[in-house]
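Below is one structure, written out as structure tokens; the observations come after it.
Convention: sequence-line order gives letters A, B, ...; per-chain numbering from 1. Since we're looking at a predicted model, the values are computed, not measured.
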Amino acid sequence: MLKTHTCGELRASDAGKAVTLSGWVNRRRDHGGLIFLDLRDRFGITQVTISDDSELDLPNAANPSNGSGNSSSCTQAHEVASQVRSEFVVRVNGSVQKRPEGFENPELDTGEIEVIASELEILSEARTPPFVISGSQGDEVDEAVRLKYRYLDLRRPKLAENMRLRHEIVRFIRNYFYERDFLEVETPILLKSTPEGARDFVVPSRIHAGRFYALPQSPQQMKQLLMIAGFERYFQIARCFRDEDLRADRQPEFTQLDLEMSFVEAADIMALIEEMLIKLSAKISDKPVQQTPFPVMSYDEAMAKYGIDRPDIRFGLQLFEVTDLVRNSQFGVFKNAVAAGGIVKGVLFPQGADLSRKEIDGLIEYVKPYGAKGLAWIGLTGEAAADGTYPAESLRSPIIKFLGKEEIAGIVSASDARRGDLILLVADEEGVTNPALANLRLEIGARTDLISSDLLAFCWVVDFPLLEYDRDEDRWGAIHHPFTSARDEDWSILEQRPADVKAKAYDIVLNGWEIGGGSIRIHRSDQQMRMFQRLGLSESEVDEQFGHMLEAFQYGAPPHGGIAMGIERVVALFADAQSIREVMAFPKTATGTDLLLEAPSLVEDEQLAELHIAVREQEESAK
RNA sequence: GGGGGCGUGGUGUAGCGGUUAGCAUGUCGGCCUGUCAAGCCGGAGGUCGCGGGUUCAAAUCCCGUCGCUCCCGCCA
């Protein structure tokens, strides 16, 4: 080894020891005759002190080097030290010395000591890095630069810590399932494409001209087949691939904790994961879990109160509905929306009645990307009259002239507004109103500092609809995936009232992020066949795409179910990262490119020929 | 597929129709034996992403394009 100790472990009790350290120069402080190097390795930082005069400071017994005298070796070390620059890789021989009284650095774990160098060797020189490695200045650097030099970005303390945290989390998860008799099984990366779900990444076959493998969107079918194989408890930290457009919390390849169990019900899977998350939180985070057992909310309740199936329950500001109140309103916006089958819901901006027009316009703009045409708003600037209605001077609103006194009183009552609050209303179809208000609620929460960054608010969302109607394709599609079982009592209405069928599915949500989801699966081939037919697949399509599953179900399939959790999202939440790129070693850009490797890239014509692939002219030249 | 934001020395930024393109940091040189974001002195470093247009004059206004990013659609 080129080191006897790490740069993070020496303490006052090591004083007098002869040591060799190796690492990167975090920073150099050159005082002329005295040079300080902060030497950094993965484990910490140690101050190395190099003097050009051995007469001073150096304890006699300290110098470990053999024949060479203190004076000359220190001069050598000093000469080298004056050439050294940031991020040089060096090796130091020296002795550990307790720092003089008053010169300790409490910021460093090793701050009680310093290593007095007797020899210094440059193992590797370094160009000046494109951004500062030490400290946190690198956080501000343009992400394109950081991604191009990812190996330097990962050297920065923040990313290095994120990777360490990720390692700890994955290690904890693995141990948790090892201890509970789960079998870790690797499933193939080269699988078969299916039209359900996300777009597949596809891999051409050389041996079979014109045929393609698909990378797994998740190991869903494989893990169910493992249940049929009788493994009972399977898990895997699995890489998944989805060829869809990216977001801060979505990358084309990502990692899931994937697990499946036989002879279980939804409550068993939920209890298992809940215990894991509680223990994981306690182990790796200082933040308290807001509520245990985790609250369980139905999908309908989540949509009603939060407008979204992944509610952030760290704060209140629940949505309220006034559809019935304004059904016959004089205000056309409300009346027409309801008449067209829409809903009218709202959210409160606490103490927002005095917001400027500009600020309110800002809220309206905020809501537009979600399809809302606008926001109706009522500021409660005064008190109600004796009869419970609100006189005009108690309100600030462009729409009160269209609303009846009872309507206003009803809206105020439904919103639970107090004096000084601002009521914000959206009238539109459900698919617009809910997302618009859900996101507006988050925006208000952020603006009013209601969202604590020091809480872990887990919750379960259950009783999802099994199916959803796809207008474009004029058919019903699976919300989760086609293997999810309906609730027992709902199988009877699968064909007649598909919209009312609820699934045996559950999502786990943390601080408004969906971190995982799963379901109890169908394990009978007749039910699975019914499901495929409900999804509009013909018998031949089913046979072609899922015949293997149906066949497998005929050889003794145990009841089973499971869950998958997004590792990056979990780590990002624990790391307080805004994007999962911050917790991945080598992430891709928002357009799916790798700026370090410059992928995707063109390949040789011979390679294409081998794969029986011809690239269309115009698309090739467009690149 | 659509919309928004950003792009100025290595990095972070100011400037937003006429400036020798400012500042900080880094970097290079000098001084310096107790610093730990060391300090002091001095220097170098910029096709203002790229292309086109408007104008007497463009970093600045307009159009296009590329890159990064956020969001909608898409995606569990």
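Here Arg27(A) lies in heavy-atom contact (under 4.0 Å) with sugar-phosphate atoms only. Residue contacts for Glu114(A): at a heavy-atom cut-off of 4.0 Å it reaches a base atom on one of the strands shown. Within the 4.0 angstrom heavy-atom criterion, base atoms lie near Asp309(A). Heavy atoms of Gln47(A) sit under 4.0 angstrom from at least one base atom. Across all strands, Arg250(A) comes closer than 4.0 Å to base atoms (heavy-atom distances). Within 4.0 Å of Val132(A), counting heavy atoms only, lies no atom of the nucleic acid at all. At the heavy-atom level, Asp30(A) lies under 4.0 Å from base atoms of the strands shown. Base engagement by Glu104(A) is indicated by at least one non-hydrogen atom pair under 4.0 Å involving a base atom. Using a 4.0 Å heavy-atom distance criterion, Gly111(A) is classed as making no nucleic acid contact.
One C1' atom belongs to rU47(B), the other to rA38(B), and the distance between them is 37 Å to the nearest Å. Here the separation of rU33(B) from rA21(B), taken at their P atoms, is 41 Å to the nearest Å. A distance of about 34 Å separates the C1' atoms of rG43(B) and rG67(B), rounded to the whole Å. Nucleotides rC61(B) and rG18(B), compared at atom C1', are 14 Å apart to the nearest Å. Going from the C1' atom of rC6(B) to that of rC16(B) covers 15 Å, rounded to whole Å. rA44(B) and rC62(B) have their C1' atoms separated by 37 Å, given to the nearest Å. rA58(B) and rU19(B): their C1' atoms are spaced 14 Å apart (whole Å). The gap from the C1' atom of rC50(B) to that of rG7(B) amounts to 11 Å, rounded to the nearest Å.
Rounded to an integer number of Å, the gap from Arg28(A) CZ to rC32(B) C1' is 13 Å. Atom CD1 of Ile35(A) is separated from atom C1' of rC31(B) by 13 Å (rounded to the nearest Å). Taking atom CD on Gln251(A) and atom P on rA76(B), their separation rounds to 16 Å, with Å as the unit. Taking atom CD of Gln83(A) as the reference point, atom C1' of rC28(B) lies 15 Å away to the nearest angstrom. Regarding Glu87(A), its CD atom lies at a distance of 14 Å from the C1' atom of rU11(B), rounded to whole Å. For the pair Asp38(A) CG and rC36(B) P, the computed distance is 10 Å after rounding to whole Å. Look at CD1 on Ile273(A): it is 15 Å from C1' on rA76(B), rounded to the nearest Å. Rounding to whole angstrom units, OH of residue Tyr366(A) and P of rG5(B) are separated by 16 Å.
Pair assignment for rG7(B): rC66(B), on the basis of Watson-Crick or G-U wobble contacts that are both within less than 3.5 Å. With a cut-off of 3.5 Å on both Watson-Crick or G-U wobble distances, the partner of rU19(B) is given as none. Pairing for rA38(B) is absent, with no Watson-Crick or G-U wobble pair whose two atom distances lie under 3.5 Å. Nucleotide rU47(B) is matched to nothing when pairs are restricted to Watson-Crick or G-U wobble geometry with both distances under 3.5 angstrom.
Leu191(A) and Met222(A) get closest at one heavy-atom pair: CD2-CE, 3.2 Å.
Exactly one residue among Arg569(A), Lys158(A), Arg146(A) makes a salt bridge (Lys or Arg N to Asp or Glu O under 4.0 Å) with Glu582(A). That residue is Arg146(A). Considering Gln220(A), His560(A), Glu196(A) as possible partners of Phe483(A), the one that fulfils the side-chain contact (heavy atoms from CB on, under 4.5 Å) test is Gln220(A).
Donor-acceptor pairing under 3.5 Å is recorded for the side chains of Glu568(A) and Thr255(A). With no hydrogens or angles considered, a side-chain donor-acceptor pair links Thr187(A) and Gln236(A) at under 3.5 Å. Tyr306(A) and Asp312(A) are not linked by any side-chain donor-acceptor pair at a separation below 3.5 angstrom, with hydrogens and angles left out of the test.
Note on residues 124-137 of chain A: pairs passing side-chain hydrogen bond (donor to acceptor under 3.5 Å, both in side chains), not counting sequence neighbours, are Arg27(A)-Ser134(A).
For His31(A) and rA38(B), the ring-to-base geometry satisfies the stacking test (centroid distance below 5.5 Å, interplanar angle below 30°). By the criterion of a centre-to-centre distance under 5.5 Å and near-parallel planes under 30°, the ring of Phe131(A) forms no stack with the base of rU11(B).
Under the 30°/60° scheme for interplanar angles, the aromatic rings of Phe294(A) and Phe458(A) are found to lie parallel.
Arg29(A) has no side-chain polar atom (N or O) that falls below the 4.0 Å cut-off from OP1 or OP2 of rU35(B). Phosphate contact (OP1/OP2 of rU25(B), side-chain N/O of Gln137(A), threshold under 4.0 Å): absent.
Remark: the Arg85(A) side chain and the rC28(B) base include no donor-acceptor N/O pair separated by less than 3.5 Å.
Where Glu514(A) and Phe36(A) meet RNA chain B, the nucleotide closest to each residue was compared, and Phe36(A) sits on the side nearer the 5' end.
When distances run from any side-chain atom of Phe103(A) to the nucleotides rG26(B), rC72(B), rU35(B), the shortest one goes to rU35(B).
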Please list, one pair per line, the donor and acceptor atoms closer than 3.5 Å that link side chains of residues 362-375 of chain A to other protein atoms, with sequence neighbours excluded.
from	atom 1	to	atom 2	distance (Å)
Glu365(A)	OE2	Lys368(A)	NZ	3.4
Lys373(A)	NZ	Asp428(A)	OD2	2.7

Contact letters for nucleotides 65-70 of chain B, in which S counts primed atoms plus P, OP1 and OP2 and B counts the base, heavy atoms under 4.0 Å: ---SSS

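Counting heavy atoms from C-beta on, the side chains of Ile273(A) and Tyr506(A) never come closer than 4.5 Å.
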